Engineer: 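One structure, pasted below without further comment.
If you're wondering where the values come from, they're calculated on a predicted model, not measured in any experiment.
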Amino acid sequence: MPLTPLVYWAQRHEDIYLRVELTDAQNIDVSVNEKVLQFRGQGHGAKGQNEYEFSLEFLLPVKPEVSFKSTQRQVNITVRKEQRGWWERLTLQERKPVFLAPDFDRWLDESDAEMEIREKEEKKNRLKAARQTEEGFVSLKSGFLFVYNLVQFLGFSWIFVNMTVRLFIFGRDSLYDTFHTISDVMFFCQILAAVEVLNAAFGVVRTGVIPTLIQVVGRNFILFIIFGSLEEMHNQPVVFFVFYLWSAIEIFRYPFYMLGCFNTEWKTLTWLRYTIWIPLYPLGVIAEAVAVIQSISIFDQTKLFSIPLPKSLGTSVSFSYFLHIYLALMFLGLFINFRHLYKQRKRRFRTKKRKAN
C-alpha cells in the first residue's frame, strides 16, 4: 500500500511552497485539479524505500500549472495562487493533515512577507536607478568621445586635404612651406591628443596606456622640440612627409572611433583602420628619425637645450647626445606599438571570423 511522506509548507502572497521529505525520489507525478494537488513518487521516506503519495485540497483556488524540482534530499513544489492574498491556513479542512507541518526555514508572517516584498521592490528600484545612471554615464561618455573624435577627424582631414591640394598646385615648392601653413592646426590636434592618454589611464576607453603614451609623447616631441624650437627645420621637406603620414593614418582612425560610439560599423573603414597603419606607421617613424638626424647638427651649433657644466668638467652637455639615445628609443617604441597594433588587428578580424562562422 502507498505510504504518506512528511510534507512541510510555507506561503507568500502569490505562491505556496511544499517540501516533500523524500530522498532520491523517482517516477514523480504532481498534478493540480481545481483546488486539489495530487502527488505520487518513489523514494526513501519515513518508512524507508517505498512508493509515497498524498493529496491536499487547498483553502482557495490555485492555478493548474505546478512546478517541482527533485534533489537528493527532497522534492520542492511551487504552486501559484489564483488570486494574490494571504491564506489563514493551507487546506480547506480546518484540521490539518497529520503529515503536514510548517516549513520554518521558509516561514514568514504576513507582515514579514509584506516587508520582504517591499525590500524586493526597493532593491529592484535601486537596480533600475543604478542602471539608468549607468546608461546616462554611457550616453555622456559616448557623446564626449564622439565630439572629441569628430574634432580630431576634422582637424587631420583639413591638414591632409590642404597638403594634398597644395602639392597638386605648387608641386615640390609646397614641401618647403608646410610648417608655416599647417603647423597651427597640427599643434592644436597634437595638444588635444593628450586626452587619449587620460582616456586610457582612467578607463574611459579600453586600450593600453603605454602604447598610447608612446605615440602621443613621441609625436609631440617631434612637433614641439624638433620642428617647433628650431627655425632652421621649418623649411625642411621632411616636415611635409611627417605631417602627411600622420594625417593619412588619422583620417581613417578617428571616423572608425566615431562610429564605434554608437555601436555602428562600416566594414571598409574597419579594414582600413586596422590595415593602413602597416605601411604608414613605419614610414612615419622613419620620417621622424630623419628629422631628428637633421636636427642634431643644428642643436650642436646653437647649443639649444644644452646642459651647462662646472668649468672643471667642461662647458656643457649638448642636447644632441640625448637625441642619439632618443633615436634608439624611437625604434624600440616602434616595436612596442607595432606589436600592440598587430595584436589589435589579429583579435579584431579573428573575432569577426568567428561571428561569421
Engineer: On the six-membered ring of Y274, is R345 placed so that its NZ or CZ lies under 6.0 angstrom from the centre and within 45° of the ring axis?
Structural biologist: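 No, cation not above the ring by the 6.0 Å, 45° rule.
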Engineer: Any side-chain heavy-atom pair from L223 and R219 closer than 4.5 angstrom?
Structural biologist: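 SC-SC contact between L223 and R219 ruled out.
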Engineer: Will you find, in the side chains of N337 and Y281, an N or O donor that is under 3.5 Å from an N or O acceptor?
Structural biologist: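 N337 vs Y281: donor-acceptor pair found between side chains.
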Engineer: Quick one: CD1 on I182 to CH2 on W158, what's the gap to the nearest 0.5 Å?
Structural biologist: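 One finds 4.0 Å between CD1 of I182 and CH2 of W158.
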Engineer: Any side-chain donor-acceptor pair under 3.5 Å between D24 and Q26?
Structural biologist: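 Side-chain D/A pair, D24 to Q26: absent.
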Engineer: Compute both the distance and the angle, then confirm whether K96 meets the cation-pi test with W9: under 6.0 Å from the six-membered ring centre, within 45 degrees of the axis.
Structural biologist: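 So K96 doesn't make the cation-pi contact.
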Engineer: Let me check something: do F188 and V197 share a hydrophobic cluster, defined by ILVMFWY side-chain heavy atoms less than 4.5 Å apart, either directly or through other members?
Structural biologist: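 No, F188 and V197 fall in different hydrophobic clusters.
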Engineer: Is a side-chain donor-acceptor pair under 3.5 Å present for N235 with H180?
Structural biologist: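 On atom types as modelled, these side chains qualify, holding a pair under 3.5 Å.
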Engineer: Between the side chains of Y148 and E196, does any donor sit under 3.5 Å from an acceptor?
Structural biologist: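 The criterion, which ignores hydrogens and geometry beyond distance, is satisfied for E196 and Y148.
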Engineer: Can a donor-acceptor pair be found, under 3.5 Å and without considering hydrogens, that links the side chain of T275 to the backbone of L272?
Structural biologist: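 No.
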Engineer: Within the distance-only criterion (no hydrogens, no angle test), does the side chain of R89 pair as donor or acceptor with the backbone N or O of L92 below 3.5 angstrom?
Structural biologist: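 Pair found, side chain donor or acceptor close to backbone of L92.
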Engineer: Are Y321 and I307 in one and the same hydrophobic cluster, where Ile, Leu, Val, Met, Phe, Trp and Tyr link if side-chain heavy atoms are under 4.5 Å apart?
Structural biologist: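 Y321 and I307: one cluster.
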Engineer: Below 4.5 Å, heavy atoms only, C-beta onward: do M186 and F156 meet side chain to side chain?
Structural biologist: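 Yes, side chains in contact.
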Engineer: Are F305 and F319 close enough that their ring centers fall under 6.0 Å?
Structural biologist: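 That pair passes the under 6.0 Å test.
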Engineer: Can you tell if the side chain of F58 reaches within under 4.5 Å of the side chain of V36, non-hydrogen atoms only?
Structural biologist: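 The answer is no, as the side chains (C-beta and beyond) never meet within the 4.5 Å cut-off.
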Engineer: Side-chain donor-acceptor pair under 3.5 Å between R273 and Y257, yes or no?
Structural biologist: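 A donor-acceptor contact under 3.5 Å links the two side chains.
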Engineer: Check whether T264 reaches the backbone of F262 with its side chain - one donor and one acceptor, N or O, closer than 3.5 Å.
Structural biologist: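 Between the backbone of F262 and the side chain of T264 there is a qualifying donor-acceptor contact (under 3.5 Å).
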Engineer: Between D29 and R40, is there a side-chain N and carboxylate O pair less than 4.0 Å apart?
Structural biologist: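 Looking at R40 together with D29, the answer is no, because their closest N to O distance does not fall below 4.0 Å.
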Engineer: Quick check on ring pair (Phe, Tyr, Trp, His ring centres under 6.0 Å): which of Y342, F252, W246, F338 does W277 satisfy it with?
Structural biologist: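 Between W277 and the candidates, ring pair (Phe, Tyr, Trp, His ring centres under 6.0 Å) is satisfied uniquely by F338.
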Engineer: When you measure from the side chain of T181 to the backbone N and O of D177, does any donor-acceptor pair fall under 3.5 Å?
Structural biologist: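 Such a contact is found between T181 side chain and D177 backbone.
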Engineer: With sequence neighbours excluded, what pairs up with D300 under the side-chain hydrogen bond (donor to acceptor under 3.5 Å, both in side chains) test?
Structural biologist: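 With sequence neighbours excluded, D300 shows a side-chain hydrogen bond (donor to acceptor under 3.5 Å, both in side chains) to S318, S320, given in chain and number order.
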Engineer: Look at the side-chain heavy atoms of Ile, Leu, Val, Met, Phe, Trp and Tyr, link any pair under 4.5 Å apart, and say whether L329 and I293 land in one connected group.
Structural biologist: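 No, L329 does not connect to I293 through the hydrophobic network.
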Engineer: Answer yes or no: is there a side-chain heavy-atom contact under 4.5 Å between Y8 and V20?
Structural biologist: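 A side-chain contact is absent here, since even the closest heavy-atom pair is not under 4.5 Å.
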Engineer: Is there a salt bridge (Lys or Arg N to Asp or Glu O under 4.0 Å) between R80 and E14 once you walk through the steps?
Structural biologist: CA-CA 6 Å; R80 301 283 287 181; E14 296 179 347; 3.7 Å; yes
